[in-house]
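In this text, all values refer to a predicted model and were calculated from it rather than measured experimentally. The first residue in the sequence is number 1, and the count goes up from there.
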Amino acid sequence: MFATSIAGSLPKPEWLAETQKLWPQWKAEGDALRQAKADATLLWIKAQEDAGLDIIGDGEQARQHFVHGFLEQVEGIDFENKVKMGIRNNRYDAMVPQVVSALKLKGRVHAMEAQLLRAHTKKKIKFTLPGPMTIVDTVADRFYGEGSEGRIKMAMAFAELLNQEALALQADGVDIIQFDEPAFNVYMEEAADWGVKALERAALGLTCTTAVHICYGYGIQANVDWKNTLGHEWRQYEKIFPALAKSSIDQVSLECFHSHVPMDLIALLEGKDVMVGVIDVASDTIETPEEVADTIGKALKFVNKDRLFPCTNCGLAPMSREVALKKLEALAKGAALARERV
Ligand SMILES: [Zn+2]
C-alpha cells in the first residue's frame, strides 16, 4: 500500500551537466559523457533505494531535457538549426529543433538507462517518456502542415515511435511506463479530443502498467508566474480526467500538494490508479512526514487506498541535489506514516 515513486527527473550532478537548469549543457562528450550518464544513473538508483522509495526510476540522467532527449534519436528532426518558439501556449520561450521530414527512430533511445536500472535494483522500476501532445508542443514543425490537422498527424507519427521504444523498454524489464503530458493541462479540449487517443496509440500493445503524468510544470519562475494567474481553484483536470477515465491507461499522476487543485477532482478518475503529488517541486522547503501523510489522507476520501500511489508533484531536475535527496526521504517517511494511520 502507498508505494512511492518520483514523477521522473532528478538533479544532475555538477560533474555531469550544468546544475539547476532545464536545458543544461553536458560537461563531457563522447565516451566520457556516456560513462558519466551511466554513473549518475547508478548514483540515483542507490539514493532512491536509500531514501526508502518503493518504485525506482533512472532520474532522467541521460537526457538533456525530458522531451528533447527522445527527439535526439529521431530521424527527420533538424537539431542543428533550433528556433525560438513559445511553448505551453506561449508561457515561455524555448529553443526547439525542427521537424523537417518523415519521422523514424534511429535506434533504441533509452536502452542503456533502462538496462542499468533493471540490473541494479530488485524493486519495481518506472520509466518515463514524453507524451505525443507534449512533444508536438516542444518542437517546431516544417513538415506536417499548419493547424490542428497537422498537429494531430504529427502527434500520431510521434506516438508510433514512442510505442516502438515503449515496447522495447517493456522487454528490458520495465514495470511501469509513464508518458509525461504537461500539455494536457494547457490544451484541455484538444487533449480530450485527440491527445488521449495519441497517448493510447503510444501505449498500444503494452502489457506492463501504463501511466500518464499531468502537472503544472517544473518549479521554474515562468510556471510559478503562470500558476499565479490560474485563480484560487485550478479546474483544468476536470476537463481531461473523464477522457482519461475512459482510456486504456492504468495510472494518472497529478499535482496536489501546495496546488489549488480541488481534491474532489480525483473522483473523476474512478477505476484508475492515482499517483498523488505530495511533494512540492517549486519550493526548497522540505515537507514533513506529517504534511505528506495529511495530503495522502485528504486524497483517500476520493480514491481507494489500494489505488493511491504517493509521488512528487513533478520532476526535481532544476533543484539542488541536497534538497532533492531530502524530499525523497520526506516522501518515503510520509508514506510510512500514512500506512500507520490507515
Ligand atoms: Zn511534471
Side-chain angles (χ1 to χ4, degrees), residues 6-48 51 56-74 77-88 91-98 109-110 112-114 116-117 127-130 134-135 137-140 180 182 213 215-226 279-286 312-328:
I6 49 166
S9 68
L10 287 164
K12 294 185 177 75
E14 52 86 27
W15 42 261
L16 173 62
E18 292 176 295
T19 55
Q20 296 180 287
K21 281 195 176 173
L22 261 195
W23 271 273
Q25 292 301 310
W26 300 112
K27 295 275 181 82
E29 49 188 62
D31 285 342
L33 178 59
R34 268 189 288 281
Q35 187 61 57
K37 287 175 173 179
D39 292 348
T41 305
L42 276 176
L43 179 155
W44 275 118
I45 293 170
K46 173 82 172 124
Q48 288 170 83
I56 309 296
D58 71 321
E60 303 180 6
Q61 298 296 293
R63 37 191 130 162
Q64 190 200 26
H65 176 265
F66 83 100
V67 176
H68 292 172
F70 186 82
L71 298 186
E72 279 172 32
Q73 287 304 314
V74 179
I77 293 184
D78 178 3
F79 253 94
E80 300 298 306
N81 300 294
K82 286 190 192 157
V83 293
K84 195 182 196 179
M85 188 175 95
I87 68 170
R88 312 293 176 263
R91 196 188 314 158
Y92 55 97
D93 287 334
M95 294 300 292
V96 299
Q98 308 185 66
V109 184
H110 296 301
M112 183 276 284
E113 311 94 282
L116 259 186
L117 192 52
F127 212 90
T128 56
L129 291 170
T134 297
I135 293 183
D137 196 47
T138 321
V139 70
D180 297 333
H213 165 75
C215 62
Y216 288 80
Y218 278 123
I220 59 169
Q221 194 56 45
N223 291 337
V224 174
D225 294 344
W226 172 60
I279 299 287
D280 186 359
V281 301
S283 157
D284 284 351
T285 308
I286 311 301
T312 57
N313 273 349
C314 186
L316 302 167
M319 311 195 97
S320 83
R321 267 176 77 179
E322 199 193 357
V323 169
L325 255 180
K326 287 189 182 141
K327 293 213 172 223
L328 299 188

Worksheet item: Closest approach of N313 and C215, non-hydrogen atoms and distance?
Response: O-CB, 3.7 Å

Discussion item. Using 0.5 Å steps for rounding, measure from the CG atom of D137 to the CZ atom of R91.
Written reply: 9.0 Å

Worksheet item: Are the side chain of Q48 and the backbone of W44 linked by a donor-acceptor contact shorter than 3.5 Å?
Response: yes

Item to complete: State whether a side-chain donor-acceptor pair under 3.5 Å links R88 with T138.
Response: yes

Practice prompt. State whether the number of non-hydrogen atoms from other residues, nucleotides or ligands found under 6.0 Å of K21 atom NZ is greater than 12.
Written response: no

Worksheet item: According to the interplanar angle, ranging from 0 to 90°, do the rings of W23 and H68 count as parallel (below 30°), tilted (30 to 60°) or perpendicular (above 60°)?
Response: tilted

Item to complete: Keeping the roles fixed (side chain from K327, backbone from D280), state whether a donor-acceptor pair exists under 3.5 Å.
Response: yes

Discussion item. Is there a side-chain contact between V83 and V96 in this structure, where contact means two heavy atoms from C-beta onward sitting under 4.5 Å apart?
Written reply: yes

Fill in: Nearest-0.5 Å distance, CD1 of residue I56 to NZ of residue K46
11.0 Å

Enumerate, atom names and distances included, each donor-acceptor pair closer than 3.5 Å involving a side-chain atom of residues 8-15, sequence neighbours excluded.
unit_1 : atom_1 : unit_2 : atom_2 : d
S9     : OG     : Y218   : OH     : 2.9
S9     : OG     : L316   : N      : 3.4
S9     : OG     : A317   : N      : 3.2
K12    : NZ     : R63    : O      : 2.9

Worksheet item: Can you check whether N81's main-chain N or O pairs, donor with acceptor, with Q98's side chain at less than 3.5 Å?
Response: yes

Discussion item. If you take the centroid of each ring, where Trp contributes its six-membered ring, are W226 and Y92 closer together than 6.0 Å?
Written reply: no

Worksheet item: Who are the side-chain contact (heavy atoms from CB on, under 4.5 Å) partners of V224, not counting sequence neighbours?
Response: Q221, N228, A282

Worksheet item: Between M112 and K37, does a side chain to side chain contact (heavy atoms under 4.5 Å, CB included) hold up when you go through it step by step?
Response: CA-CA 9 Å; M112 183 276 284; K37 287 175 173 179; 4.0 Å; yes

Fill in: Heavy-atom donor-acceptor pair, Q64 side chain to P24 backbone, under 3.5 Å
yes

Worksheet item: Hey, what do you get for CD1 (I279) to SG (C314), rounding to the nearest 0.5 Å?
Response: 13.0 Å

Worksheet entry | Atom pair CZ (F66) and CD (E60), whose distance is rounded to the nearest 0.5 Å | 8.0 Å

Worksheet, complete the sentence: d(E80 CD, K82 NZ) to nearest 0.5 Å is 9.5 Å

Item to complete: Indicate the atoms forming the closest heavy-atom contact of A94 with I87, along with that distance.
Response: CB-CD1, 4.1 Å

Worksheet item: Is there side-chain contact between I135 and L71, with at least one heavy-atom pair below 4.5 Å?
Response: yes

Discussion item. Please give me the minimum heavy-atom distance between L325 and A47, naming the atom from each residue.
Written reply: CD2-CB, 3.9 Å

Item to complete: Kindly give the heavy-atom pair with the smallest separation between I220 and P318, and that separation in Å.
Response: CG2-CG, 4.4 Å

Worksheet item: Which pair of heavy atoms, one from H65 and one from L22, lies closest together, and at what distance?
Response: CD2-O, 3.7 Å

Fill in: E322, CD atom: more than 12 neighbouring heavy atoms under 6.0 Å
no

Worksheet entry | Shortest non-hydrogen contact between Q61 and L16, atoms and distance | O-CD2, 3.5 Å

Discussion item. Using side-chain heavy atoms (C-beta onward) and a distance below 4.5 Å, is T128 in contact with H213?
Written reply: no

Item to complete: From the options L43, I45, D39, select the one residue that forms a side-chain contact (heavy atoms from CB on, under 4.5 Å) with T41.
Response: I45

